[in-house]
Amino acid sequence: MPPHTQPPPKPTNKTPNNKHAPALTFALAGNANVGKSVIFNQLTGSSQIIGNWPGKTIDRAEGTLNFEGHNIKIIDLPGIYSFSTFSMEEIVSRDYIALEKPHAVINVVDASVLERNLFFTLQLIEMHAPLVLCLNQVDVAKNKGMLIDKDKLQTALGIPVILATAIRGEGIYDVVREAVKVATHKQNPPTLKYRQPIEEKINQLQQLITKENLDLQYPPRWLAIKLLEGDSEITPLIANKSPPIVETSKQIAAELEHNCQEPCFSLIASERYALANQITATALQQSERTNTLSDKLEWLTTHKIWGYLTAIGVIAGLLLWTFFIGNTLSGIITNVLNFIYPVDPTLTTELPLLTILLNGLWGGFSAGLTLIIPFVIPFYLLLAFIEDSGILTRVAFMMDSAMHKMGLHGKALIPIILGYGCNVPAIQACKIMETRRERLLAAFAITFAPCSARTLILFGMVGLFVGIQWALLLYVIDIAVIFALGRIAMKAVPGKSTGLIMELSNFKLPSLKVVLKQTWTRTKSIIYVVFPIYLVGSTLIQAAYALNILSPLSEALAPLTVWWLGLPAFAGVLLILGTIRKEFVLIGAVAILSTTNLLVGFTPVQLVILALVAMLYLPCVSTIAILGKEFGWKAAAIISVANIGAALIIGGIAFRLISLFVPV
Amino acid sequence: MTKKLTQDCIKTIYTLTKNENYASNEKITQKLNLTTTNLTEILQELTQEGHINYSPTNGSTLTQKGLREAQKITSNRYRLTKFLNHTIHNKNKNDKTQPQTPPQSSSNPPACSNNSANCVLSNCENCLKQHPQGFEEIGKHNKNLTSLYELKAGKTAKISSIRGERKILQRLLDLGLTPGTQIKVAKIAPMGGPVEILVRGSKLALGQNIAINIFVETPKETPPPNEV
Ligand SMILES: Nc1nc2c(ncn2[C@@H]2O[C@H](COP(=O)(O)OP(=O)(O)O)[C@@H](O)[C@H]2O)c(=O)[nH]1
């Protein structure tokens with residue numbers, strides 16, 4: 001243990017009787033996309049998703065840190081621009097800071113957009129939060145020709161300021177050290193005054209509130225400001241305790257509005273921005289900037305022709321890269337595995353149980369190793385790269401008008417593209433949409449988005465055994481299906497759509513560290529959590545198949561699978577297994593056929609149809625669960641039924657169309 | 001009653017109620033060059049059809065149905081304006097029924113002076129899609145304003161007023177679009193897509209239906225450097 005250079009933390013009055021509770025609690029707060037998750041991950045060693053698009057930290061995350069003898073709990077709050085209570089995230093963050101009173105609030109600020117960030121800092125100061133300002137992304141600011149004078153900023157705001165470049169780990173521990181100082185030496189937080197007419201009214205109201213002693217956790221000055229703004233949460237809260245105060249505040253607000261000819265909420269926002277502007281002007285020096293790589297990329301990706309071509313190129317590139325890298329790796333692994341244990345279904349017939357066990361385990365293992373892992377890793381790698389590059393918000397920008405045709409706006413494209421990785425976090429990311437209707441429509445579209453598991457089915461079944469062009473064609477069909485069904489859903493769910501308001505993130509060369517970490521986090525969950533399921537599942541399938549449990553099921557589904565879709569009878573079982581995890585369609589096929597060469601049991605046409613149906617037919621259980629959690633079980637059921645219907649209709653039609661040209 | 005006349009009437013009521021709570025009979029007659037008896041007939045018909053609410057003391061306001069109708073009329077016109085921008089603009093100038101705003105410097109695109117009918121034609125196809133009754137306005141909506149959506153890429157302007165639901169106004173304010181703020185249009189996405197603006201050092205994308213309700217003041221066009 002390092003020698004103590006600072007006095008041990010004072011016992012806090014919050015949790016006096018709980019010895020095991022962390023001694024200090026720090027909250028990370030700030031705008032979206034400033035680098036909070038990067039800092040949080042570095043401090044706590046956890047693996048929150050990092051991405052270069054606003055809105056990814058949805059629920060608050062917690063972690064712990066042991067720093068110079070202090071046990072510190074770190075809370076990563078969702079990224080917000082203001083405390084105006086228009087979104088759940090804002091209310092959560094506001095209540096957390098005001099009511100749970102963390103020992104220090106680390107306000108992470110994007111140095112390259114200082115003024116906009118300070119607008120939020122000023123609100124934290126209004127709340128009397130014990131603050132440390134972490135001026136992050138100093139490297140980006142420098143590239144933009146911005147020099148920030150830390151001391152001037154510190155004096156202007158009255159709170160400690162630390163410069164940081166979180167992505168390189170610079171300054172992070174200084175921030176914590178400063179936060180410990182703030183937490184242990186309680187100081188009176190500063191008050192920043194606004195300009196005359198407004199300051200006077202705030203004061204007047206504040207004194208009234210102090211006098212009445214409302215016994216609320218919030219500081220009186222902040223309550224006064226919120227009353228003037230007509231805050232829809234705070235006003236009824238105070239009306240409960242003292243209606244006269246609300247009456248007076250209404251009068252004062254009306255007076256102000258009359259004098260300034262402007263609604264109060266707008267006046268106060270303007271006031272905060274005026275102050276933020278003034279502080280920025282004193283602390284920031286802007287010099288000429290040169291055209292950077294990021295500017296050129298911006299030009300390219302938002303050009304009216306190149307923009308669309310790059311967007312298509314990125315997605316096609318993602319798929320082709322995944323397939324070719326995956327294919328090569330898969331080939332190598334298959335050779336190695338065959339060398340170790342040539343799959344031989346006729347082995348040891350006198351010990352059926354052992355055969356089933358061995359074949360099942362081995363089948364699951366080799367299917368996972370040859371068909372899943374080689375594809376998943378390059379896919380996640382490039383997806384993390386795309387996510388971190390900042391291109392997502394540009395694509396959203398370019399596709400806004402097209403998304404309006406589905407009753408959504410451009411921002412919905414971000415969760416939909418993330419749905420290519422996994423539907424579950426993508427559906428959670430729908431929170432960045434403004435209304436429930438839009439969230440629902442986006443989530444519906446996502447359930448058709450070919451997640452990595454479905455991409456595996458496409459590549460593992462169609463790409464490897466039929467031809468990559470067929471796999472890509474299915475991808476294109478899938479995108480068309482998303483669009484068509486999205487339009488139908490828009491008509492079915494009444495309501496109006498809102499407009500796009502989105503911050504565009506900066507382009508940058510993705511940090512290798514972040515990309516690798518992200519890929520590892522996602523791959524790890526496949527290896528540790530999903531791989532065992534493959535092994536067990538594969539064994540069970542083999543056992544069930546050997547014991548003939550599955551054939552009644554296959555027969556029951558035969559009209560659909562055999563007659564309507566033209567598949568072999570056992571495909572029905574595969575589709576049912578696939579609801580647990582979509583990969584089971586593939587792994588199940590390997591288990592039942594006892595070989596990784598799927599052409600033993602399917603014709604190429606059947607592989608195409610099976611992959612198409614498997615891609616569309618029903619979200620996996622985890623997706624259904626998250627749909628139920630976010631939108632209720634009724635919506636989840638409707639979406640699932642819509643999925644099955646669409647898959648069967650499209651699959652049947654496709655089968656008949658293909659049969660016209662290719663004899664089965 | 002001609003269809004054209006009723007349509008014009010709806011449009012006029014729409015234009016008038018943008019600035020005032022009610023469209024008074026006087027103003028409508030003035031604008032449409034009608035006699036009072038004629039007007040009452042039309043208004044009665046419109047009331048029966050459920051297009052307007054008529055009050056003898058105050059004047060008329062549009063109902064939801066009326067608003068939709070107005071939207072249809074103006075959006076058809078809107079397409080026309082795209083081609084005939086100048087002609088229509090001039091025509092509107094000619095049927096002077098209201099105090100005309102001072103002429104703009106000629107190099108400006110036909111700007112939206114708030115009380116000319118041209119404003120309806122050029123701006124309100126989209127803003128009408130939302131419920132205008134829930135609309136609030138911040139900032140000063142004086143004359144000679146242009147909608148942000150009409151600015152070309154590369155232009156700078158100062159925000160004068162924003163219309164919209166409270167929620168959207170608050171969001172825009174939080175992002176730094178307070179009245180008086182200097183902004184620059186960086187890019188306009190193709191096919192009626194959003195506008196990218198630079199504001200207070202950050203880049204924002206605003207959808208068409210948001211941008212169209214943000215009104216800006218453009219700096220006086222400086223005379224182009226001497227060209228021969
Ligand atoms: N250049 C640079 N990029 C950073 C820095 N800190 C964070 N980023 C990037 O900023 C983006 C947003 O970071 P993230 O932590 O996900 O933001 P959050 O929304 O605040 O949690 C990511 O692409 C990070 O790689 C920094 O100090 N310098």
Side-chain angles (χ1 to χ4, degrees), chain A residues 31 80-82 84 86-87 110 112-117 119-120 144 146 229 261-263 265-274 276-277 280 284 286 298-299 302-305 307-308 393-394 396-402 404 409-411 434 496-506, chain B residues 126-131 134 136-142 148-149 153 159-182 186-214:
Chain A
N31 286 180
I80 51 177
Y81 295 106
S82 167
S84 47
F86 273 122
S87 62
D110 180 349
S112 68
V113 197
L114 186 59
E115 189 176 330
R116 222 270 320 289
N117 278 262
F119 180 78
F120 182 64
K144 286 189 179 174
M146 298 170 175
E229 283 181 322
Q261 289 292 309
E262 183 71 23
F265 69 96
S266 160
L267 277 178
I268 290 175
S270 298
E271 220 31 59
R272 287 196 194 108
Y273 262 115
N277 182 277
T280 309
L284 183 130
Q286 174 78 57
E298 240 159 59
W299 178 86
T302 53
H303 187 272
K304 60 175 180 276
I305 295 164
Y308 294 110
T393 56
R394 308 283 150 180
F397 175 74
M398 294 298 281
M399 297 299 290
D400 182 57
S401 49
H404 274 286
H409 59 64
K411 228 195 289 179
E434 283 80 7
K496 60 171 199 201
S497 46
T498 56
L500 173 76
I501 303 177
M502 175 183 68
E503 189 182 4
L504 291 164
S505 41
N506 280 317
Chain B
N126 290 279
C127 58
L128 256 178
K129 282 183 187 148
Q130 280 144 7
H131 190 171
E136 287 182 58
E137 176 156 16
I138 54 173
K140 309 265 180 296
H141 197 117
N142 33 17
L148 172 58
Y149 200 70
I159 294 179
S160 256
S161 83
I162 310 177
R163 279 183 195 167
E165 288 165 55
R166 173 74 182 268
K167 203 170 166 152
I168 289 178
L169 292 181
Q170 183 78 55
R171 176 57 77 235
L172 293 173
L173 286 172
D174 288 345
L175 289 167
L177 292 165
T178 56
T181 310
Q182 191 83 26
K187 196 125 212 177
I188 300 165
M191 302 189 291
V195 193
E196 175 186 345
I197 61 167
L198 302 179
V199 55
R200 299 182 191 272
S202 72
K203 296 184 196 118
L204 288 184
L206 301 175
Q208 188 190 29
N209 46 354
I210 305 271
I212 218 154
N213 280 314
I214 300 178

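So that the names make sense, note that chain A is the first sequence line, chain B the second, and so on, each numbered from 1. The basis for the numbers below is simple: all heavy atoms, side chains too, and nothing from hydrogens, waters or symmetry mates. Because the structure is predicted, anything quoted here is derived from the model rather than measured.
- Within the 4.5 angstrom heavy-atom criterion, no atom of Thr280(A) approaches chain B.
- Taken from CG in Asp400(A) to NZ in Lys411(A), the straight-line distance is 10.5 Å, to the nearest 0.5 Å.
- Heavy-atom distances place both the backbone and the side chain of Glu196(B) under 4.5 Å from chain A.
- In this structure a side-chain-to-backbone donor-acceptor pair under 3.5 Å is present from Tyr273(A) to Gly176(B).
- Under 3.5 Å, the side chains of Arg200(B) and Thr178(B) contain a donor-acceptor pair of N or O atoms.
- Interface remark: Leu175(B) contributes backbone and side-chain atoms alike to the contact with chain A (heavy atom separation under 4.5 Å).
- In this structure, CG on Asn31(A) lies 7.0 Å from CD on Glu503(A), to the nearest 0.5 angstrom.
- Of all the listed residues (Pro190(B), Pro194(B), Ala186(B), Gly180(B)), the one sharing the greatest number of non-hydrogen pairs under 4.5 Å with chain A is Pro194(B).
- Heavy-atom pairs under 4.5 Å with chain B were tallied for Phe265(A), Trp299(A), Phe119(A); the largest tally goes to Phe265(A).
- Contacts of Asn277(A) with chain B are made by side-chain atoms alone, with heavy-atom separations under 4.5 Å and no backbone atom involved.
- Contacts between Val195(B) and chain A at a heavy-atom distance below 4.5 Å involve the backbone alone (N, CA, C, O).
- Between the CG atom of Leu169(B) and the CD1 atom of Ile210(B) there is a distance of 9.5 Å, given to the nearest 0.5 Å.
- The aromatic rings of His409(A) and His404(A) sit tilted, their planes meeting at an angle between 30° and 60°.
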